[in-house]
Amino acid sequence: MDSVAAQALLEWQIELGATEAIGDTPVNRYDAPAKLPKAKTPSADPDPAPVEAVDPVAVARGLAKAAQSLDELRDAMAAFQHCELRRGARNLVFADGEPSARVMIVGEAPGRDEDIEGRPFVGQAGQLLDRMFDAIGMDRTSPDPAKSIYITNILPWRPPQNRDPEPAEMAMMMPFVERHIALADPDILVLMGNISCQALLGRKGITRLRGSWTEAQGRPVLPMFHPAYLLRNPAAKRDAWHDLLTLQKRLRES
Ligand code: URA
């Protein structure tokens, strides 16, 4: 194939909606069925072995409970095989920032940039998040627990096309999120957007929830607009600023 033909093929893929290359070699999907083992018909095996049903939430709970440190928790999540999202993701996105920070931020799930880098909130929304916290004198690189932040997500793997997490995916990852919070032991949780509110508060409706203190995992929680929402709705930044000041005030008082 010459370079003109190769470029034309590439442009065709882009027109079809491809946004990134996910492998170095092509996969011929027409070959796949031929390689699958033949399904057994019931009559072929009159005495099939019972199939043990695995409860992914119970498996996650066991793994999370056994983790005695953040490193062990990261390893436990890397070993967890029951979430299909891991197969489409490049990296497990565990956390970033200072684990001893007084404030722990919980977002939704990695996007494309986070998946590539293996760190949460490094894309456009993450840059806005950094600017927001910088405005109240806090950032993820400070070693001072009073000035730093610790950041994670409900899901550690990128959902395809950045779709919303499915309830089953959230349910099986929640034991890890809860253990993550317990091990990091922050004074305050900041929940970014609807998904983390749904997961940790069991409530949705960020427009009503934001800016009001509530409680989860035995600690104060402040729901806020997700920075990706703020990028799409700049007028809401005013509310976000109000919420940042609310957070700053609470940190100063306690
Ligand atoms: N949005 C999130 O909720 N988390 C990230 O890590 C990036 C974007």
Side-chain angles (χ1 to χ4, degrees), residues 19-20 70 73-74 77-78 80 83 85-86 88-99 101 103-134 138-141 148-174 176-178 180-181 184 186 188-207 209-211 216-217 221-234 236-237 239-240 243-244 247:
T19 54
E20 57 193 286
L70 292 171
L73 185 67
R74 181 201 291 260
M77 289 164 74
F80 183 67
C83 183
L85 292 175
R86 63 174 292 140
R90 288 182 174 91
N91 279 302
L92 171 100
V93 176
F94 181 69
D96 196 25
E98 173 52 49
V103 174
M104 181 169 180
I105 295 168
V106 185
E108 177 179 329
R112 181 176 180 274
D113 298 310
E114 291 76 19
D115 182 43
I116 291 170
E117 262 198 50
R119 289 195 301 134
F121 283 101
V122 293
Q124 259 196 312
Q127 286 158 26
L128 176 57
L129 181 135
D130 283 341
R131 289 200 297 278
M132 287 162 62
F133 279 87
D134 191 50
M138 301 176 80
D139 75 87
R140 60 174 106 185
T141 58
S148 57
I149 48 179
Y150 184 58
I151 311 171
T152 191
N153 283 309
I154 297 296
L155 296 185
W157 294 291
R158 180 193 183 191
Q161 277 87 44
N162 299 341
R163 66 154 168 74
D164 277 354
E166 286 173 3
E169 291 162 353
M170 282 163 58
M172 71 177 82
M173 297 317 292
M174 276 315 285
F176 295 113
V177 176
E178 287 167 1
H180 203 158
I181 294 168
I188 289 174
L189 281 174
V190 172
L191 304 185
M192 289 294 182
N194 259 323
I195 296 294
S196 53
C197 287
Q198 191 185 344
L200 281 156
L201 303 176
R203 281 186 282 162
K204 263 180 147 178
I206 192 64
T207 311
L209 292 171
R210 62 139 281 274
Q217 306 297 303
V221 169
L222 184 65
M224 286 184 62
F225 281 136
H226 193 288
Y229 174 83
L230 297 174
L231 288 171
R232 295 191 301 272
N233 301 277
K237 284 184 183 170
D239 291 332
D243 300 347
L244 286 167
L247 173 67

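Quick note: residue numbers are just sequence positions, from 1. Numbering of ligands and ligand atoms starts at 1, following listing order. Quick note: numbers below take in every heavy atom, side chains included, and nothing from hydrogens, waters or symmetry partners.
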### Task
Output the list of atoms in ligand 1 that are nearer than 4.0 Å to some heavy atom of Pro120, sorted by atom number.
6 (O)
### Query
Would you say Gly107 has any N or O atom under 3.5 Å from an N or O of ligand 1, going by distance alone?
no
### Message
Ignoring hydrogens, what is the shortest heavy-atom contact between Asn153 and Pro120? Give both atom names and the distance.
### Response
ND2-CB, 3.6 Å
### Identity and separation of the nearest protein heavy atom to atom 4 (N) of ligand 1
Asn153 OD1, 2.8 Å
### Task
For ligand 1, note which part of Glu108 has a heavy atom under 4.0 Å away: side chain, backbone, both or neither.
both
### Message
Heavy atom to atom 8 (C) of ligand 1, shortest distance: which of Ala109, Ser196, Pro227, Pro156 holds it?
### Response
Ala109
### Query
Got Leu244 and Met224 here, is their nearest side-chain heavy-atom distance under 4.5 Å?
yes
### Summary
Scanning both residues in full, the closest heavy-atom pair of Arg119 with Val93 reads C-CG1, 3.5 Å
### Message
I'd like to check which ligand 1 atoms, numbered from 1 as shown, lie under 4.0 Å from a non-hydrogen atom of His226.
### Response
1 (N), 2 (C), 3 (O)
### Query
According to the interplanar angle, ranging from 0 to 90°, do the rings of His180 and Tyr150 count as parallel (below 30°), tilted (30 to 60°) or perpendicular (above 60°)?
perpendicular
### Message
For a quick test of reading the model, state the closest non-hydrogen atom pair linking Ala216 to Leu201 and the distance between them.
### Response
CB-CD2, 3.8 Å
